[in-house]
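Here, residue 1 is the first one in the sequence, and each next residue gets the next number.
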Amino acid sequence: MHDKAIGAAALKALRRRRGLSLAETARALIAIAEEIGQPRTSLRTVAGLQRSVARWESAHPPRPDERHQLLLAHLYARTPTGQIALGPGSDFAELIDALAHLGESARQLAELRSVLVRAATDQGGGMLTRCRRQRSPPSPRR
């Protein structure tokens with residue numbers, strides 16, 4: 001099996017292990033994009049993104065672009081129960097390996113890891129959200 005085929009098979013295995021259809025994966029990626037503040041106007045339709053996911057899992061797969069890699073990383077950085085898991089053996093680690101097989105550069109993969117680690121450890125918000133801290137109303141003076 002060629003490296004790209006290995007990467008495609010790994011992406012498909014990740015999706016299937018989560019019990020996600022192509023359409024559910026597309027909807028999840030769109031929801032993540034909205035949560036992290038990517039403009040909705042530049043997102044494809046569910047059907048279009050579903051076709052992209054299917055192409056990434058095909059016999060002759062293209063590599064997801066950087067934007068879609070980020071969305072996939074956010075999707076697979078959390079376990080199905082919502083826990084953040086970025087270490088060895090995690091779905092996130094398997095995604096990074098799949099992207100490497102699809103031909104992504106070591107530099108881009110390191111940057112993707114760094115972005116996700118920062119998101120997971122951000123003191124100002126939480127993973128997958130672009131939170132703004134809401135200030136408490138000022139206490140009444142006595």
Side-chain angles (χ1 to χ4, degrees), residues 1-140:
M1 193 181 282
H2 283 126
D3 274 357
K4 282 190 166 195
I6 292 169
L11 287 178
K12 184 181 277 189
L14 281 167
R15 178 180 59 78
R16 286 184 170 172
R17 193 166 51 233
R18 298 248 175 146
L20 295 172
S21 68
L22 292 169
E24 290 167 331
T25 303
R27 283 191 287 276
L29 295 176
I30 288 170
I32 290 166
E34 291 171 354
E35 289 175 24
I36 64 174
Q38 289 192 359
R40 179 70 171 114
T41 56
S42 64
L43 291 174
R44 296 182 181 153
T45 63
V46 170
L49 192 50
Q50 178 179 334
R51 283 188 298 275
S52 291
V53 174
R55 280 192 299 272
W56 302 332
E57 297 176 358
S58 70
H60 302 287
R63 182 176 64 233
D65 64 21
E66 289 182 12
R67 177 173 185 220
H68 291 108
Q69 288 178 25
L70 177 64
L71 298 176
L72 289 166
H74 276 282
L75 176 63
Y76 292 119
R78 284 197 181 266
T79 67
T81 60
Q83 299 297 314
I84 296 170
L86 303 175
S90 67
D91 286 354
F92 177 76
E94 287 187 39
L95 171 67
I96 294 297
D97 190 49
L99 293 173
H101 282 292
L102 289 170
E104 190 52 76
S105 71
R107 180 201 55 76
Q108 170 61 18
L109 295 175
E111 185 175 324
L112 191 57
R113 267 190 215 96
S114 178
V115 166
L116 267 287
V117 168
R118 280 195 310 266
T121 59
D122 181 12
Q123 296 291 338
M127 178 90 164
L128 302 180
T129 59
R130 209 170 73 169
C131 297
R132 289 186 191 133
R133 285 190 184 174
Q134 292 190 354
R135 295 184 179 170
S136 303
S139 302

Side-chain heavy atoms of Leu102 within contact of Pro64, under 4.5 Å: yes

For the student: nearest non-hydrogen atoms of Trp56 and His68, plus distance: CH2-CB, 3.5 Å

Nearest heavy atoms of Ala23 and Val46, plus distance in Å: O-CG1, 4.1 Å

Approximate separation, where rounding is to 0.5 Å, of Ser90 OG and Gln83 CD: 13.0 Å

Rounded distance [0.5 Å steps], NZ in Lys12 versus CG in Leu20: 14.0 Å

CZ on Arg55 to CG on Leu49, rounded to 0.5 Å: 9.5 Å

Nearest atoms (heavy-atom pairs only) where Thr45 meets Gly48: OG1-N, 3.0 Å

Least distance between heavy atoms, Arg78 atom then Ile84 atom: NH1-CG1, 3.7 Å

Contact check, side chains of Thr79 and Asp91, non-hydrogen atoms, under 4.5 Å: no

Would you be so kind as to tabulate the donor-acceptor pairs closer than 3.5 Å made by side chains of residues 92-100, with sequence neighbours excluded?
from, atom 1, to, atom 2, distance (Å)
Glu94, OE1, Arg17, NH2, 3.0
Glu94, OE2, Arg17, NH2, 3.3

Between CG on residue Asp65 and CD on residue Gln108, distance to nearest 0.5 Å: 9.5 Å

Over all atoms of both residues, closest heavy-atom pair of Lys4 and Pro61: O-CG, 3.5 Å

Leu72 side chain reached by Leu14 side chain, heavy atoms, under 4.5 Å: no

Non-hydrogen atoms of Asp3 and His101 that approach each other most closely: O-CB, 3.1 Å

Close side-chain approach of Gln38 to Leu70, heavy-atom, < 4.5 Å: yes

Gap separating the CD atom of Glu66 from the CD atom of Glu111, nearest 0.5 angstrom: 6.5 Å

Residue pair Glu57, Leu22: steps toward the side-chain contact (heavy atoms from CB on, under 4.5 Å) verdict: CA-CA 10 Å; Glu57 297 176 358; Leu22 292 169; 3.8 Å; yes

Rounded distance [0.5 Å steps], OG1 in Thr25 versus CD1 in Ile30: 11.0 Å

side-chain contact (heavy atoms from CB on, under 4.5 Å) between Leu11 and Val53, intermediate numbers included: CA-CA 9 Å; Leu11 287 178; Val53 174; over 6 Å; no

